[in-house]
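Worksheet: one structure, shown below.
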Amino acid sequence: MTRTGALHASRTADTEVFYMAGKQLAALSRRLIEAGWPSDTPVSVVSRAGWPDQLHTDHNVATMPRASLLHAGRPTIVTVGAGAEPLSTIVRRNPIGAAETCVETLKP
């Protein structure tokens with residue numbers, strides 16, 4: 001979004017972040033597809049980040065409009081692309097120093 005509140009979607013990096021976009025998720029979804037983002041690109045939507053009533057939902061560009069009801073009227077940050085990819089693996093060192101991969105879901 002621009003300073004005047006206009007919605008501007010582009011594809012200039014592997015991750016794009018939109019602030020205060022909660023009321024415009026359907027329009028943002030359309031504009032991202034028009035800008036060349038594949039419809040299955042991951043999207044993370046967080047509203048009221050850092051507050052006890054924080055909401056976080058994961059989507060893709062095509063299903064992002066479904067988040068509108070949950071996040072409506074709340075300060076919202078939308079992350080699109082590689083930065084919205086859920087973390088699902090952790091690499092940790094065993095006592096000998098060799099890396100071992102441990103697959104687990106990370107929860108906030």
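Because the structure is predicted, anything quoted here is derived from the model rather than measured.
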**Message:** Before you tell me yes or no, could you show the steps for M64 and L32 under side-chain contact (heavy atoms from CB on, under 4.5 Å), namely the whole-Å CA-CA distance, both residues' side-chain angles and the distance that decides it to 0.1 Å?
**Reply:** CA-CA 11 Å; M64 183 173 38; L32 288 167; 3.7 Å; yes
**Item:** Close side-chain approach of H71 to T57, heavy-atom, < 4.5 Å
**Value:** yes
**Request:** Write down the atom of S47, the atom of T76, and the distance for their closest heavy-atom approach.
**Result:** CB-OG1, 3.6 Å
**Prompt:** Measuring from D14:CG to E85:CD, what's the distance to the nearest 0.5 Å?
**Reply:** 10.5 Å
**Request:** Examine I33 and V78 and state if one hydrophobic cluster contains both, with Ile, Leu, Val, Met, Phe, Trp and Tyr joined whenever side-chain heavy atoms are less than 4.5 Å apart.
**Result:** yes
**Message:** If we count only N and O atoms by modelled type, under 3.5 Å, do the side chains of H59 and S29 hold a donor and an acceptor together?
**Reply:** no
**Message:** So V80 and T15, do their side chains get closer than 4.5 Å, heavy atoms only?
**Reply:** no
**Item:** ILVMFWY cluster, V17 and M20 together (side-chain gap under 4.5 Å)
**Value:** yes
**Item:** Main-chain N/O of R66 paired with S68 side-chain donor or acceptor, under 3.5 Å
**Value:** no
**Prompt:** Can you find a pair of side-chain heavy atoms, one from P75 and one from R48, that are under 4.5 Å apart?
**Reply:** yes
**Message:** With heavy-atom distances below 4.5 Å as the criterion, would you say the side chains of F18 and L25 are in contact?
**Reply:** no
**Contact summary for A21 and L28, nearest pair of heavy atoms** = CB-CD2, 4.3 Å
**Prompt:** Is any side-chain heavy atom of V61 less than 4.5 Å from a side-chain heavy atom of V43?
**Reply:** yes
**Asked** With a 4.5 Å heavy-atom cut-off, do E16 and W37 have their side chains touching?
**Response** yes
**Fill in**
Minimal heavy-atom distance between P65 and A26, with the atoms involved, is CG-CA, 3.8 Å
**Asked** Once you round to the nearest 0.5 Å, how far does CZ of R74 lie from NZ of K23?
**Response** 13.0 Å
**Item:** Closest contact, heavy atoms only, H56 versus S44
**Value:** NE2-OG, 2.8 Å
